Amino acid sequence: MPELPDVEIVRKKLARWLTGRKITDASTRDAWVARPSPRSFSRVLEGRRVRAVERRGKWLRVLLDDGARLFSHLGMTGDWVRVAKGAPPERFERARIDAGASSVRYVDARRFGRLVATRKDIDEWSTLGPDPLTDGVDVSALAKTKRAVKEALMDQTLVAGVGNIIATEALWHARVDPRAPARDLEARDLRTIAREIRREIDRELRPGQTRWSVYGKRGEPCPRCGSKIRSVKLGGRTTAFCPKCQA
DNA sequence: CGGCATGTTGCGCA
DNA sequence: TTGCGCAACATGCC
């Protein structure tokens, strides 16, 4: 599921299902996913009307009419789905929000996701960097770090919403070595990377099968030059790249 | 069975 | 103080 484009698609459907509706029932039994507690999930949400569903990076924020809010991070396998009111739990369902005619369910097989019902913003939201879709990419922030550019791109405080796939693909399109220290790159390359991040997001926002050029393609020929795709670990994450194009 | 996975956090250690 | 590597979280898939 989850990188910025997926989360944006989830935001749109959640907004469609919930905006302007009054929450009649909200419940969860999962004390791992729902923080600070399953009881606070119900207490904060029930009886409130939904004002807006927003997104920043990979986080969603559901604003309520009394100023409280629900934060939702989809982790690796999270999603929100709508079913008929009173329908039995979905497979891997972790929480339920009934509002208007909708019964909206949070499903998450691996439970890496989070639901946080609070009265004020959480640090994970407040410390997010600019969102590429709404704010653009802050190239100057990247130019300040000596970390590998791919790790910098995935740092949510520098760029919000870029994950392993977008970082890997954007660097291939920009022909930049993912291992290169970010601050050693030419300004021109950084601008190209920013542009390719935006293009990759746009590609993945379009419905239909996205085909990746290098992500998950170790050992296969580079679509541009035919060299064999290599992969290395950067910040603990598999990073595929073309040793010839991205030299 | 082993290995890998679109994400994040927290811990030990240099 | 900073940064890095790594395990952990829980499950599915090849």
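Sequence lines set the chain letters: A, B, ... in the order given, protein chains first and strands last, and positions in each chain run from 1. Nothing here was measured: the structure is a model prediction, and the numbers come from that model. Only this structure's heavy atoms are used, side chains among them; waters, hydrogens and symmetry mates stay out.
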Which base sits across from C/dT1 as a Watson-Crick or G-U pair, both distances under 3.5 Å?
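WC or wobble partner does not exist here.
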If we call it a pair only when both distances are under 3.5 Å in a Watson-Crick or G-U wobble match, what pairs with B/dT6?
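None - no nucleotide pairs with B/dT6, as no candidate has both distances under 3.5 Å.
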Phosphate oxygens OP1/OP2 of [N]: is one of them under 4.0 Å from a side-chain N or O of [X]?
X: A/Thr238; N: B/dA5; value: yes
X: A/His73; N: B/dG7; value: no
X: A/Lys146; N: C/dG3; value: no
X: A/Arg110; N: C/dC9; value: no

Which word best sums up how the rings of A/Tyr106 and A/Trp80 line up, parallel for under 30°, tilted for 30 to 60°, or perpendicular for over 60°?
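Correct class here is tilted.
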Could you check how far [atom1] of [X] sits from [atom2] of [N], rounded to whole Å?
X: A/Asn164; N: B/dA5; atom1: CG; atom2: P; result: 8 Å
X: A/Glu151; N: C/dC6; atom1: CD; atom2: C1'; result: 13 Å
X: A/Glu124; N: B/dT9; atom1: CD; atom2: C1'; result: 10 Å
X: A/Lys233; N: B/dG7; atom1: NZ; atom2: P; result: 13 Å
X: A/Leu234; N: B/dG7; atom1: CG; atom2: C1'; result: 16 Å
X: A/Ile201; N: B/dT6; atom1: CD1; atom2: C1'; result: 13 Å
X: A/Asp123; N: B/dT8; atom1: CG; atom2: C1'; result: 14 Å
X: A/Ile122; N: B/dT9; atom1: CD1; atom2: P; result: 9 Å

To the side chain of A/Trp32, which of B/dT8, B/dT6, C/dC9 is closest?
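Comparing B/dT8, B/dT6, C/dC9 against the side chain of A/Trp32, the answer is C/dC9.
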May I ask you to say whether [X] pairs ionically with [Y], meaning some side-chain N is under 4.0 Å from a carboxylate O?
X: A/Arg105; Y: A/Glu93; value: yes
X: A/Arg56; Y: A/Asp135; value: no
X: A/Asp121; Y: A/Arg61; value: yes

Hey, which of A/Val7, A/Val10, A/Asp6 is the one that makes side chain to side chain contact (heavy atoms under 4.5 Å, CB included) with A/Lys58?
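So the option named by the test is A/Val7.
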Under 4.0 angstrom, heavy atoms only, what part of the nucleic acid is [X] near: base, sugar-phosphate, or nothing?
X: A/Arg91; answer: sugar-phosphate
X: A/Arg114; answer: nothing
X: A/Gly163; answer: sugar-phosphate

Is the ring centre of A/Phe112 under 5.5 Å from the base ring centre of B/dG7, and are the two planes under 30° apart, so that they stack?
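It does: the ring sits over the base of B/dG7.
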Can you tell me how far C1' in B/dT6 sits from the matching atom in C/dC4, rounded to whole Å?
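Going atom to atom, C1' in each nucleotide, I get 23 Å.
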